[in-house]
Amino acid sequence: MKELIMELAACVAPAGREDVLHAVLTQHLANCADDIQTDVLGNLIARKHGQGQHVALVAHADEAGVMAMHADDEGFVRLTAIGDVRPACLPGQTVQFCNGVMAVIGAEARSKTTEVGWAQLFADIGACSQAEALARLPIGTAGVVWAPVQPLSEHRLGGRAVAQRTACAVVIEAFRALANAGRQVSAVFTAQQTVGARGARTAAYNLQPELTLVVGAAPAGDTPEGPRMALRLGAGPALKVMDGTLLTPARVLRHLADCAERCAVPVQYEVWPGGQTDAGVFQWTTGGRWVGGVSCPARMVSGSVSVVDVRDAAAAVRVLTEAVGSYA
Amino acid sequence: MLLSSEELLRQLTEAIGPSGQEDEVRNLLRSQVSGWTERCYTDVLGNLFCEQGSDKPGPRVMLDAHMDEVALMVVHAEDNGLLKFRAIGGIDPRVLVAKPVYVGAQRLPGVIGAKPVHLQTASERRKPLNIEQLYIDIGARSKEDALSHVQLGDAAVFATRFGILGDGCVKAKSLDNRAGCAVLCEILRIPAETPRIGVFTVQEEVGLRGAAVAAYRVAPDLAITLETTVCADVTDVPGHGQGTVLGGGPALTVQDGQTLANQQFLAFAVRTAERFQIPYQFRRVKGGTNNFAAIQRSRAGVIGGSVSIPVRYLHAPVQVMALQDYHNTVRLVQAMLHELAEGGWPL
């Protein structure tokens, strides 16, 4: 599990460039899926035909990032956000672009630290002219903050995109177990979630599953003066009660809680009023669908680095496998 | 009568078409394209569909251009006959005071007024006038007088005449997006090499509403939105804030407020522009969006993107466009359609 998460988190896949992750995902799904497809928005969907109703396991593949928008005469590149990235956090950081170009980020000297916006930031890629900058970093090239995932202790990982790629790893493992058991199931790695659940729209319309279980990361509140969330790292996966897009139907939540109990997995409950996830989009598609969620607690979930506990992820796989396998 | 590019732009920009009340624009467009289409029809929202080349092989292409413009809606008549209003779509209130407008389909002349500067308090003078402080004056003497000429819900549009500026620029109201409509008109007059559905859409300025419905109906293989876009190559704006440059050619989107560009479409557009030696530029700003955001998310997803003409002073009473950008946009879209027919991008 730990190795899988680290392999997935090593991929640079800002929203709109999920294709970078597709090869790795495909490699882990190919020997157990009946078919694997990508669609126009960049979703990757693996399907297994088999027994039972169609259940979809969903995790978003993309991450927040930056995009090159302009190069000046001296070769400095101006950036904008892809998703929720705070410009004031970027000066002093290194950015890795999808085409391999590296940049260090600076801010205009006269700007105050607290007031740094995109208009004050620049990326230095070592170019000496506008022509050189644009040749190496065409306008529209996407990138991410360079902060490779690291093991912090025996069970905990920290770094860029680790929270989200943990959810992808959970979906891979649960899908493999269910597919090998002959169960009808889909694994959906949605695109463009961080910019507003765009991929989920078309994937949900395309698949129309009977039940969708959205796997994600929910903020842990156990950091110093942390966010107001009753979730702790390492205390088990969180069953989604609500986020900003979904109130989980009682029937689905009860099924998940029963399954966790049968697996003897301790769980927590996610109440995340501000959480923007794919869940609501799946619920609203084509006349309304059953949707629930299982999240792994993650620290600093909206920052450029986050921390997860691999034991929560492994337990989430057990709950999901039971929940899909026993869904009538 | 078939209109030239300039005359088409003049008539389209002088026509009235606030969101939800696009009738005049739609009728003008229908008269210009119906002779070239196999089927020409509207839907419940008022989108105008123009089908061509249904017997041709190749991908079904949807070409979208929104007809509506930002405007004002009359919501109340004061006892003194002055009309209070709200914005339809995104309007910067600072551009409104002292502008002439036409109210309603009958084009009743009016003027946007406000309390004179010498009667404003010191704090009022420091802040720009907001919409609540403004009114439309149609010369009525009383509420009854006003309501005998206009109805609440009537829309007011800027009373701007189309004109030529300098050598090769035009000024007009609602170049956003009558210029896109004109491009689509010109494209529809060129014989179709693949099946295509031109759609003049409604209610873009209030949330991409017409396009969402139109895309669901058409379910195209590929869609191109024809638009205008922000151009701020003006005094005191650094290069990275300009968005686009006037005369720099049609603009291709890499990311806007609601869309991340489809990489294959973007590469196809660039390849085509370079092959046909048509100037192009990237839209170097993230804010704002257009109909393609709604089209892309229709059903199981639609491939495509937008091609936009740079326009200065979008959503203001007078907007400015370079004719060279307009003609190059027609050329680029025509070249892309030709490349699609030739299998230049197998879908």
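Everything numeric in this text was worked out from a predicted model, so none of it was measured.
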Could you grab the distance from atom CD of A:Gln192 to atom CD of B:Gln296, nearest 0.5 Å is fine?
-> 5.5 Å
Top of B:Gly239, B:Ala293, B:Ala261, B:Ser298 for chain A proximity - count of heavy-atom pairs under 4.5 angstrom = B:Gly239
Side chain, backbone, both or neither: which part of A:Asp39 has a heavy atom under 4.5 Å from chain B?
-> side chain
Could you grab the distance from atom CZ of B:Arg299 to atom OG1 of A:Thr286, nearest 0.5 Å is fine?
-> 12.0 Å
Assess whether atom CD of B:Gln277 is packed by more than 12 heavy atoms of other residues, nucleotides or ligands within 6.0 Å.
-> no
Per-residue contact mode, B:Gln263 against chain A (heavy atom under 4.5 angstrom) | side chain
Among A:Leu41, A:Asp19, A:Val77, residue most engaged with chain B (heavy-atom pairs, under 4.5 Å) | A:Leu41
Who wins among B:Leu266, B:Thr259, B:Leu252, B:Asn262 for the most heavy-atom pairs under 4.5 Å with chain A?
-> B:Thr259
Is it the side chain or the backbone of A:Ile139 that comes within 4.5 Å of chain B heavy atoms, both, or neither?
-> both
Go through the atoms of A:Ala81 and report whether side chain, backbone, both or neither lie under 4.5 Å from a heavy atom of chain B.
-> both
Side chain to side chain contact (heavy atoms under 4.5 Å, CB included) evaluation trace for B:Val254 with A:Met69 = CA-CA 8 Å; B:Val254 291; A:Met69 289 301 264; 3.8 Å; yes
Under 4.5 Å to a heavy atom of chain B? For A:Ile82 that would be both
Please say whether more than 12 non-hydrogen atoms of neighbouring residues, nucleotides or ligands are located less than 6.0 Å from CH2 in A:Trp284.
-> no
What's the shortest heavy-atom distance between A:Val195 and B:Leu260, and which atoms?
-> CG2-CD1, 3.8 Å
Measure A:Arg198 against the heavy atoms of chain B and call it side chain, backbone, both or neither at under 4.5 Å.
-> both
Atom pair CE/NZ of A:Met67 and B:Lys286 - distance to nearest 0.5 Å = 9.0 Å
Above 12 or not: heavy atoms from other molecules or residues under 6.0 Å from CH2 of A:Trp146?
-> no
